[in-house]
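Beneath this line is the structure, given in structure tokens, with notes to follow.
We count ligands from 1, going down the list as the structure has it; atoms in each ligand are counted the same way. The first residue of the sequence shown is numbered 1, and numbering continues consecutively from there. Excluded from the calculations below are hydrogen atoms, water molecules and symmetry mates; all remaining heavy atoms, backbone and side chain alike, are included.
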Amino acid sequence: MAYKLETQYNSPNFTAGSSVPSVYGMLRLIDYITIHWWGEPSLRPSYEGVVAYLCRQGGNTSAHEVIEAGRVAVIIDHINAAWHAGNATGNARSIGLELNPRASEGDYQTAAERVRDLWAFYGEKPLKAHRDWFSTACPGVYDLAKLERLAKGSFGVPTPTPVVAAPAPVVTAPAPAAPVVASGKRLTLPASATGWNIYPLNRPPVNGMQVGKLNPSLFGGLTYDIIRMNQPAVAVIRTRDFGEVQIYVGPETGAVISGAASAPAPTPIQPVPAPAAPSAELHSRTVTNAVAWVRTGPRADAPTAPGYPEGIAKGATLSIRGFVAGQDPYNNGNDAWYVTRSGFFVWANAAGNSLAGLPKLN
Ligand SMILES: [Zn+2]
């Protein structure tokens, strides 16, 4: 990644993902990427000024990200709908990117690189111009075909895997995922840390996207092998409870990265967290919906659990420990959620909706 990712700005001007169905009549989905420009270059807008404007209290317009050459500010988590399209589908089902209207080659390069990174997380979602949603001049001079061509091309950034030269503008397939190879480096999370967010591999490592937390203080610190670095300060590690995840390890966090492949470990490897205590008794329920989603929390808008990207199909048997009361944000009611053997959550209505004989776990 050749751009700086800034996450310190937060706009209050959005519709929470859980409220999108009631506000827009459809689920919050990421099916498109909508391109904007900040406005007329003659008005001399600045990156900081646009970020501040979109983050203002009580505003009625916003976007997810503000981009110019070399930097990207994520001001609204993608799980929420920003107010950028002037159109229900555009707001509910796309990510809005605001680009510097000067449209320099650097602006194009960074925007294209960001699009490519978003594609890596969400799949190759089509680019839309703001004017595809709403009668407006936005995004002005921006050429979406050029942006798409750049996003599919090579950026000439050194990477550990060979980069295929792409002299022609046509690329037929996305690059294969990098092989899982231990980097030979080790990550130590200090014992002083109590809650360290971890993120699934298919989401940006930003607030709201976390799949869980590690608690190094419980173990006198935690040490992991680094599988690879996704960004200069974002490592991929394999955890016992969550599988492979991303973790932010910037210098301000106290994380220590040590060791080349040949160097001995400076400290003993810390124990891996023990799995949750097994329940004395497991119970079975059969999936009755076409699909039962397995989630990381007892909420309909919690992320899907690692290892279950497509849920569990009708007819399959769940092995569960008990149930917890949860909240269904789409129906404003309380609901029961089964706690699976692995400690994840399945909405009871999706699998028999029977709490008979189950222990209540919260
Ligand atoms: Zn626009």
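Looking at His130 and the Zn ion (ligand 1) together, the shortest N, O or S contact belongs to ND1. No other N/O/S atom of His36 lies as close to the Zn ion (ligand 1) as ND1 does.
Distances from the Zn ion (ligand 1) show that His84 has no N/O/S atom below 2.8 Å.
Using a 4.5 Å cut-off between side-chain heavy atoms of Ile, Leu, Val, Met, Phe, Trp and Tyr, with links allowed through other members, Leu97 and Leu150 fall into the same hydrophobic cluster.
Between Arg116 and Glu148, none of the side-chain N atoms (NZ, or NE/NH1/NH2) sits under 4.0 Å from a carboxylate O, so this pair counts as no salt bridge.
Applying side chain to side chain donor-acceptor pair (under 3.5 Å) to His36 and the options His130, Arg131, Glu65 leaves one that passes, His130.
With 3.5 Å as the limit, one finds no donor-acceptor pair spanning the side chains of Tyr248 and Asn197.
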